[in-house]
Amino acid sequence: MNDGYGNMDAFYEAKGSYNLFYTCNTWSNNALKAAHQKAALWTLLDKGIFRHYR
């Protein structure tokens with residue numbers, strides 16, 4: 001395994017692509033919204049999400 005990844009990590013194919021305005025944080029925030037969980041209006045950085053989960 002690569003440094004930083006272990007036997008319990010999983011990776012999945014994704015639809016679409018990332019860019020400057022659609023990051024992994026945006027994807028995660030959208031998933032939280034779809035699950036009716038606390039989420040930011042929009043987030044480019046992780047701080048927008050994590051401020052809801054202290």
Side-chain angles (χ1 to χ4, degrees):
M1 305 261 22
N2 292 332
D3 289 339
Y5 299 111
N7 293 332
M8 299 301 291
D9 293 315
F11 298 89
Y12 303 92
E13 285 192 43
K15 294 179 182 177
S17 61
Y18 294 103
N19 61 51
L20 178 63
F21 301 106
Y22 191 82
T23 66
C24 59
N25 298 310
T26 309
W27 182 90
S28 299
N29 192 56
N30 289 344
L32 288 167
K33 287 179 185 178
H36 304 287
Q37 300 299 309
K38 295 177 186 174
L41 181 62
W42 180 78
T43 184
L44 183 63
L45 304 174
D46 61 354
K47 290 173 181 45
I49 297 170
F50 287 126
R51 71 180 194 82
H52 293 285
Y53 294 91
R54 291 184 187 229

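Keep in mind the model is a prediction, meaning the values are calculated, not measured. Residues take their numbers from the sequence shown, with the count starting at 1.
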Least distance between heavy atoms, Ala39 atom then Lys33 atom: CB-CG, 3.5 Å
Lys38 side chain to Ile49 backbone, donor-acceptor under 3.5 Å: no
Shortest non-hydrogen contact from Gly48 toward Ala40: O-CB, 3.3 Å
More than 12 heavy atoms of other groups within 6.0 Å of Tyr53 OH: yes
Distance, nearest 0.5 Å, that separates OG1 of Thr43 from CZ of Arg51: 9.0 Å
Pairs involving residues 13-28, ordered by first then second residue, that meet side-chain hydrogen bond (donor to acceptor under 3.5 Å, both in side chains) (sequence neighbours left out): Thr23-Thr26
